[in-house]
Amino acid sequence: MTRSLRLTIAVATAAVAALALSSCSAGGSGNADGTVTDGKLTIATGQPAYSPWVEDNKPQSGKGFEAAVAYAVAKEMGYDESDVVWKRSTFDSAIAPGPKDWDLNVQQFSIDAKRKKAVDMSSAYYTTTQAVVTTQSSKAADDTTIAALKQDAIGVATGSTSIQSVKDVLGVTPQVFNSNDDAVLALKSGQIDAIVTDLPTAFYMSGAQLDGKGTVSAQFPSDGTGDQFGFVLPKDSELTSKVDKAIKSLKADGTLQDLQTKWLSSETDTPVLK
């Protein structure tokens, strides 16, 4: 083999390798269906993953709102339950630039223009609602109607959309605190009867900040103005349009609403205020 021929082969090999790396970094996989593993749909979520998004930290069970949505989207895309492979990732690594070892990631990612510069984000599968957090011993614990709740002392964090929601839905002016943490302290001390915040934060407060004594007692009717959650995909993924199409279909046939009602209301005993 001549030196010239060896050089030509080396250059060609390097070009092919660079093209493959570029394809991977941009969300390409080399597989016919655009996935990281041919014939499989690899979905990532957090470690651990918490209820009500994933029950018992077992996304493969399909129990919990996001686990159930993930399987519904996979089915709509043509994947059987046995074709879904679960992985774990941190929240920050999921939205960072660069290649991924998964096809979709789901862990309450708010759709954000800045994030879309580094990764793809699907259309929304859920829009957050406002919810009521209280303690089991509070007078607001059993107040699951607008008429009852408006008689309670309500706290909210400054700068939050919860302030206007309380005014619009309950017709009262809430007590405003510098932060959610301050509102939690006020609830613990009995200064207020309940806190209104977005539903994901409400579940966190109830489970992590109120020492096992918290409860998410009710949620406001959806007004479509909350944060929107979407799947994260590698930048320029071939699957993004397919995920969007699946979500659109699941919205149209009522599946997403049914799953929301089941996992974020019925299973959690969090009725919608009436």
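The distance from atom OH of Y125 to atom CG of L256, rounded to the nearest 0.5 Å, is 10.0 Å. With values rounded to the nearest 0.5 angstrom, Y126 atom OH is found 5.0 Å from W53 atom CH2. Here CG of L187 is found 10.5 Å from CD of Q209. Values are rounded to the nearest 0.5 Å. With values rounded to the nearest 0.5 angstrom, S93 atom OG is found 6.5 Å from K100 atom NZ. The CD atom of E66 lies 9.5 Å from the CG atom of N105; values are rounded to the nearest 0.5 Å.
Q130 and S165 make their closest contact through CG-OG, 3.4 Å (heavy atoms, listed as atom of the first residue, atom of the second, distance). When all heavy atoms of G230 and I111 are compared, the closest pair comes out as N-CG1, 3.7 Å. Considering every non-hydrogen atom in both P271 and S217, the closest pair reads CD-O, 3.3 Å. Residues A141 and T135 approach most closely at CB-O, 3.5 Å, considering heavy atoms. In plain terms, the two heavy atoms of A153 and Q191 that are nearest each other are CB-O, 4.4 Å. Of all heavy-atom pairs spanning A202 and A131, the tightest one is CB-CB, 3.9 Å.
With a 4.5 Å cut-off on side-chain heavy atoms, Y50 and V54 do not count as touching. F220 is not listed as a side-chain neighbour of L199, based on a closest heavy-atom distance of 4.5 Å or more. Two residues are said to be in side-chain contact when any heavy atoms from C-beta on lie closer than 4.5 Å; K40 and V84 fail this criterion. Contact check for D227 versus T127: no side-chain heavy atoms found under the 4.5 Å cut-off. At a threshold of 4.5 Å between non-hydrogen side-chain atoms, the residues P59 and W86 count as touching. Using a 4.5 Å heavy-atom threshold, the side chains of I163 and V176 count as touching. At a threshold of 4.5 Å between non-hydrogen side-chain atoms, the residues V184 and K188 count as touching. In this structure, L210 and V133 have side chains that are in contact, with non-hydrogen atoms separated by less than 4.5 Å.
The backbone N or O of T201 lies less than 3.5 Å from a partner atom in the side chain of D198, making a donor-acceptor pair. Without hydrogens or angle criteria, D112 side chain to R115 main chain gives a donor-acceptor distance under 3.5 Å. Between the side chain of S160 and the backbone N or O of A157, at least one donor-acceptor pair lies under 3.5 Å. When atom types are taken as modelled, the side chain of T270 and the backbone of T268 share a donor-acceptor pair closer than 3.5 angstrom. Within the 3.5 Å criterion, the main-chain N or O of K139 finds no donor-acceptor partner in the side chain of D193. Counting only distance, with no hydrogens or angles, the side chain of T215 and the backbone of Q136 share no donor-acceptor pair below 3.5 Å. Using modelled atom types, one side-chain atom of K251 and one backbone atom of A124 make a donor-acceptor pair closer than 3.5 Å. Looking at D223, its side chain does come within 3.5 Å of a backbone N or O of T225 through a donor-acceptor pair. The backbone N or O of T255 sits less than 3.5 Å from a side-chain atom of D253, completing a donor-acceptor pair. In this structure, S189 contributes its side chain and A186 its backbone to a donor-acceptor pair below 3.5 Å.
There is no side-chain donor-acceptor pair under 3.5 Å between D181 and S179. For the residue pair D143/Q151, the side-chain donor-acceptor check at 3.5 Å is not satisfied. Donor-acceptor pairing under 3.5 Å is recorded for the side chains of R88 and N57. Between the side chains of Q219 and T129, at least one donor N or O sits under 3.5 Å from an acceptor N or O. For the residue pair S82 / D80, no side-chain donor-acceptor distance below 3.5 Å is found, with atom types taken as modelled.
Salt bridge annotation for D56-K63: absent, with no cationic side-chain nitrogen under 4.0 angstrom from a carboxylate oxygen.
A continuous path of hydrophobic side-chain contacts links L170 to V156 [ILVMFWY only; heavy atoms under 4.5 Å]. Hydrophobic clustering (side-chain heavy atoms under 4.5 Å, transitive across Ile, Leu, Val, Met, Phe, Trp, Tyr) groups L41 together with V69. I43 and V85 are assigned to two separate hydrophobic clusters, defined by single-linkage of ILVMFWY side chains at heavy-atom distances under 4.5 Å. Both L259 and M77 are members of a single hydrophobic cluster when ILVMFWY side chains are connected at heavy-atom separations under 4.5 Å. V106 and V36 are not part of a single hydrophobic cluster, where members link through side-chain heavy atoms under 4.5 Å apart.
Each of D244, V243, L104, L233 was scored for a side chain to side chain contact (heavy atoms under 4.5 Å, CB included) with D120, with one residue passing: L233.
Residues F109 and F231 keep their aromatic ring centres 6.0 Å or farther apart.
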task: Begin with the C-alpha distance, continue with both residues' side-chain angles, and end with the deciding distance and a verdict on side chain to side chain donor-acceptor pair (under 3.5 Å) for D258 and Q260.
output: CA-CA 5 Å; D258 288 346; Q260 182 177 325; over 6 Å; no

